[in-house]
Amino acid sequence: MKDAAEILPRIGFALRLTALPGPSGPPREAVVADGGMSSRTVEDAGGGAVRIVWRGHSLCGAAFAVTAELAPAPGGDGWDYSFRYDGNASGLAVEFIEFPVLTVARTDATELFLPVMCGQVRRPKWGALEPGTVVAETHATGLHFLAALNGADVSWYLDQRGDARLRPNRAVVRNGAEPGTAALAFRYAPEVVAANRVSGALPFGGAIRLFRGDWFAAAGIYRRWAWEQPWTKAAFARPKGRLRDIAIWFWNRGGIGDVEPPVERFAALTGLPAALDWYWWHGIPYDYGYPHFWPPREGAEAFSAAVRRLAAKGVFVQPYVNGISWDKLSPTWETEGTFDAVMEKSGEKPGDCYNAYMPSCFAVMCGDAPRFHARMRDLLRRLRDCGVPGVYLDQIGCCGYRTCWNPDHRHAPGGGTAIVDGYRRMLLDIQADNPGLLLSTEEAPEAYLDLVDSFINLQQNEERMDKPPAPEAETVPAFQAVYHGAIAAYGGYAMIDGIPPRDAAWPDDGRWTEERPWEALYPDQFAFEFARGVAMGMQPTVHQLRMRHFDDPRYAANLAFAVDTAKFYFANRDFLFDGTMCAPGTLDCARRPVDLFVRGIYTRPGEGRAVRRPATPAVLHSVWRAPDGRLAATLCNWTREPQPFALSTPDLTASGTVPARGWMLATP
């Protein structure tokens with residue numbers, strides 16, 4: 001599509017330099033970028049590869065050199081890169097590396113694929129942005145590719161390739177310095193050590209590709225590489241056990257009397273295997289006092305008996321545990337937690353407060369956290385003794401990628417792999433302590449893909465998340481497009497009655513004393529939120545099933561849709577659990593507005609808000625290839641009227657009418 005002569009001027013770099021930790025006087029920092037170098041040359045590296053060398057810098061010295069090599073990709077559609085620096089005489093160490101900084105052509109219609117959780121398509125308002133403005137900076141999670149999508153024109157793709165644990169990084173996109181351009185980059189944080197001060201390199205390579213297509217085409221480029229990696233092969237090879245046959249999850253919160261009976265009743269009503277993700281079983285209030293979950297709120301004996309009763313009804317139970325946090329206001333913080341916490345470069349041990357009703361502040365534990373990890377191992381042994389077949393370890397998959405500057409820890413300061421390595425050791429220790437125990441975590445856990453069995457995904461309910469609203473940003477199932485079938489995925493905020501749970505251990509402050517008929521005011525919300533997750537390749541999930549949902553006719557339609565969805569998923573799990581996601585193609589169907597009421601567990605009275613998706617496809621769909629090669633499209637009509645459709649994809653075409661609040665399987 002383009003030759004090296006066209007792309008070479010588009011590639012740059014940036015290094016942030018910092019003083020090594022210690023008593024070295026006032027902090028010193030500097031940014032060294034390609035524009036500040038004395039010279040730039042392009043050399044023939046043989047075999048069609050080229051070597052770009054930037055030399056000389058006023059701070060780093062005349063002998064300082066930064067070298068990038070680009071070798072032509074086997075398919076001729078781009079380049080594979082590597083990066084290193086040598087001769088840094090500044091006395092400062094490298095704190096982060098941005099490379100490649102790839103400047104690409106864009107239009108005002110250019111979209112971005114960003115590795116935000118399971119994937120996001122962002123539609124920036126380019127015309128309103130000043131040159132150099134940061135358009136997006138992602139947290140260091142999940143997938144490691146990004147793309148500038150130009151519709152039918154040539155699009156740009158950038159990734160990092162290496163051991164999953166080696167890439168705790170951020171994706172950064174800026175509006176270009178020149179009109180009609182954007183700059184794509186990955187930022188990697190190495191260990192800040194003397195050995196990396198004079199010379200160093202990215203511990204992985206990566207790819208630059210040119211392609212035509214959408215976010216799914218970009219995911220396909222990454223998938224072709226990722227499927228050859230050892231962690232992916234190990235994840236696919238892990239026995240899925242009972243997880244494959246789960247027809248529906250219930251994300252229930254509360255005591256035994258609230259949580260257990262409705263799940264048992266649903267299982268008896270349908271005869272389908274179900275799973276319970278049980279929050280608020282623990283003695284402490286939710287989002288308070290971590291990691292002191294034990295003992296169970298109603299006692300270990302009652303909790304164990306409930307687990308046994310659920311197991312006898314075919315229900316898989318996994319209780320909630322936060323896997324990375326220590327409450328800085330708990331009595332053990334000063335004697336234990338503070339020693340294991342992540343420390344920022346400033347010396348602070350940051351904390352996040354999630355609980356809007358009770359004082360708490362959660363510090364993130366480092367990978368080098370012997371006290372915390374010992375507590376986690378002890379807690380999970382106690383839970384396994386209660387008979388649970390699995391445990392959910394919150395936040396490890398999405399937050400276990402930090403830098404840590406704690407001088408008392410055994411790892412080097414700065415970035416590198418210490419935190420990921422430490423949590424991988426903790427997971428392995430837990431599995432050794434509890435053979436057969438299934439572990440779950442949060443969101444797109446690529447660095448832990450070979451060690452955990454399932455993950456909860458919440459981004460498909462994007463209206464409830466703190467992110468730019470559609471159409472400026474839209475969640476897409478890129479993680480499932482790459483890794484579907486390697487790990488079970490579930491989750492979502494779809495509530496039959498629209499009423500979020502509330503922990504009885506919280507004070508009354510913030511309690512909603514009056515509830516409106518949300519299921520009537522927003523009659524399509526449950527069906528839309530519930531179906532969207534399944535269409536994205538996840539197991540069906542109902543948030544907060546209660547006994548009243550079975551007996552009150554107001555909830556009959558939503559409950560029936562949950563039953564029908566569970567039956568459809570279970571009957572077609574050779575596609576929807578085992579299958580590989582195929583290109584979605586083009587679906588011709590009606591578009592309808594859907595009104596949603598945005599309210600979570602910490603939304604105070606009067607703070608809920610209504611949002612409208614004005615032109616949403618009436619039929620949600622995805623396309624799958626079963627392991628035996630069979631193809632099928634799953635289609636869901638979330639509206640209350642039958643909906644005709646016509647689907648055209650590279651793999652199949654289909655047309656017909658999906659019944660109101662119904663599912664359909666279309667085959668070639």
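Bear in mind the structure is a predicted one, so any value in this text is a computation, not a measurement.
Inspection of the T232 and E228 side chains reveals no N or O donor paired with an N or O acceptor under 3.5 Å. No hydrogens or angles considered: a donor-acceptor pair under 3.5 Å links the side chains of T475 and E462. Using a 3.5 Å distance cut-off with no hydrogens or angles, the side chains of S155 and N150 do not pair a donor with an acceptor. Under 3.5 Å, the side chains of Y157 and D159 contain a donor-acceptor pair of N or O atoms. A side-chain N or O of R106 and one of N175 form a donor-acceptor pair less than 3.5 Å apart. Of the N and O atoms on the side chains of T18 and K345, at least one donor lies less than 3.5 Å from an acceptor on the other residue.
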task: Quick one: do L210 and W79 satisfy side chain to side chain contact (heavy atoms under 4.5 Å, CB included)? Show the steps, please.
output: CA-CA 9 Å; L210 298 102; W79 302 266; 3.2 Å; yes

- request: Would you check, one step at a time, whether the test ring pair (Phe, Tyr, Trp, His ring centres under 6.0 Å) holds for F145 with F113?
  value: CA-CA 8 Å; F145 71 95; F113 170 80; 4.6 Å; yes

- prompt: Given E472 and R123, is the salt bridge (charged side-chain N to carboxylate O under 4.0 Å, His left out) satisfied, shown in steps?
  reply: CA-CA 5 Å; E472 184 180 340; R123 302 176 179 93; over 6 Å; no

query: Given V94 and R16, is the side chain to side chain contact (heavy atoms under 4.5 Å, CB included) satisfied, shown in steps?
result: CA-CA 6 Å; V94 173; R16 175 186 241 168; over 6 Å; no

- prompt: Does the side chain to side chain contact (heavy atoms under 4.5 Å, CB included) test come out yes or no for V594 and R612, once each step is laid out?
  reply: CA-CA 6 Å; V594 57; R612 167 168 282 196; over 6 Å; no

- request: Please step through side chain to side chain contact (heavy atoms under 4.5 Å, CB included) for the pair V121 and L114, ending with a clear verdict.
  value: CA-CA 6 Å; V121 171; L114 300 171; over 6 Å; no

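The backbone N or O of A105 lies less than 3.5 Å from no partner atom in the side chain of T181, so there is not a single donor-acceptor pair. A distance-only check finds a donor-acceptor pair linking the side chain of R10 to the backbone of T103 [under 3.5 Å]. Proximity of a side-chain donor or acceptor of D34 to a complementary backbone N or O of M37 within less than 3.5 Å is not detected. N88 contributes a side-chain N or O that, together with a main-chain N or O of R197, makes up a donor-acceptor pair within less than 3.5 Å. Listed for the W54 side chain is no donor-acceptor partner under 3.5 Å among the backbone atoms of F64. At distances below 3.5 Å, not a single donor-acceptor pair connects side-chain atoms of T616 with backbone N or O atoms of P593. Side chain of T138 to backbone of A171: a donor-acceptor contact under 3.5 angstrom is found. When atom types are taken as modelled, the side chain of H484 and the backbone of G579 share a donor-acceptor pair closer than 3.5 angstrom. In terms of modelled atom types and a separation under 3.5 Å, the side chain of W126 and the main chain of T110 share a donor-acceptor contact. With N637 contributing its side chain and V658 its backbone, the two residues share a donor-acceptor pair below 3.5 Å.
The CG atom of L631 sits 12.5 Å away from the CH2 atom of W624 when rounded to the nearest 0.5 Å. Considering OG of S346 and CH2 of W405, their distance stands at 10.5 Å, rounded to 0.5 Å. Distance check: Y222 OH to L158 CG gives 11.5 Å after rounding to the nearest 0.5 Å. Summarising the geometry, atom CG belonging to D524 is positioned 9.0 Å from atom CG belonging to L596; distances are rounded to the nearest 0.5 Å. Once rounded to the nearest 0.5 Å, the distance linking CG of D108 with CG of L129 reads 9.5 Å. I487 CD1 to F577 CZ: the interatomic distance, rounded to the nearest 0.5 Å, is 9.0 Å.
Applying the salt bridge (charged side-chain N to carboxylate O under 4.0 Å, His left out) rule to pairs touching residues 50-68 yields E43-R51, E43-R55, R51-E69, sequence neighbours excluded.
The two residues L458 and G492 make their nearest non-hydrogen contact at CD2-N, 3.8 Å. Residue P72 comes nearest to G48 through the heavy atom pair CD-O, 3.4 Å, listed as atom of the first residue, atom of the second, then distance. Scanning all heavy atoms of the two residues, the minimum distance from V192 to E95 falls at CG2-CA, 4.0 Å. Contact between P350 and E344 at its shortest, heavy atoms only, is CG-OE2, 3.5 Å. Closest of all the heavy-atom pairs between A147 and A218 is CB-CB, 4.1 Å. Between V482 and A219, the shortest heavy-atom contact is CG2-O, 3.8 Å.
Aromatic ring pairs are classed by plane angle as parallel below 30°, tilted from 30° to 60° and perpendicular above 60°; the pair F99 and Y81 is perpendicular.
Salt bridge status for R122 with E474: absent, with no side-chain N to carboxylate O gap under 4.0 Å. With respect to the salt-bridge test (charged N to carboxylate O, under 4.0 angstrom), the residues E529 and R464 qualify. A salt bridge links E463 with R532; the closest basic N to acidic carboxylate O contact falls under 4.0 Å.
T634 is listed as a side-chain neighbour of L576, based on a closest heavy-atom distance under 4.5 Å. Residues R161 and W225 meet the side-chain proximity criterion, which asks for heavy atoms closer than 4.5 Å. Contact check for Y188 versus F204: side-chain heavy atoms found under the 4.5 Å cut-off. When side chains are defined from C-beta on, L17 counts as touching S90, because their heavy atoms get closer than 4.5 Å. Looking at D77 and F211, their side chains never come closer than 4.5 Å, going by heavy atoms from C-beta outward. Side-chain contact between P584 and H621: present, with at least one pair of heavy atoms (C-beta onward) separated by less than 4.5 Å. Using a 4.5 Å heavy-atom cutoff, the side chains of F575 and R630 are in contact. Inter-residue side-chain proximity for T41 and I52 is flagged as unmet; no heavy-atom pair is nearer than 4.5 Å.
Legend: residues meeting ring-ring contact (aromatic ring centres under 6.0 Å, His included) with W215, ordered by chain and number and at least two apart, are absent.
With a 6.0 Å cutoff to the six-membered ring centre and a 45° limit on the axis angle, R187 counts as a cation-pi contact of F96.
For Y85 and F13, the ring centers sit 6.0 Å or farther from each other. For an aromatic pair to be called close, the ring centres must be under 6.0 Å apart, and F236 with Y483 fails this.
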Check residues 646-654 and write down every donor-acceptor pair under 3.5 Å in which the side-chain atom is one partner and the other belongs to a residue at least two apart or another chain.
| unit_1 | atom_1 | unit_2 | atom_2 | d |
| --- | --- | --- | --- | --- |
| T649 | OG1 | D651 | N | 2.9 |
| T649 | OG1 | L652 | N | 2.9 |
| T649 | OG1 | L652 | O | 3.0 |
| D651 | OD1 | R625 | NH2 | 3.3 |

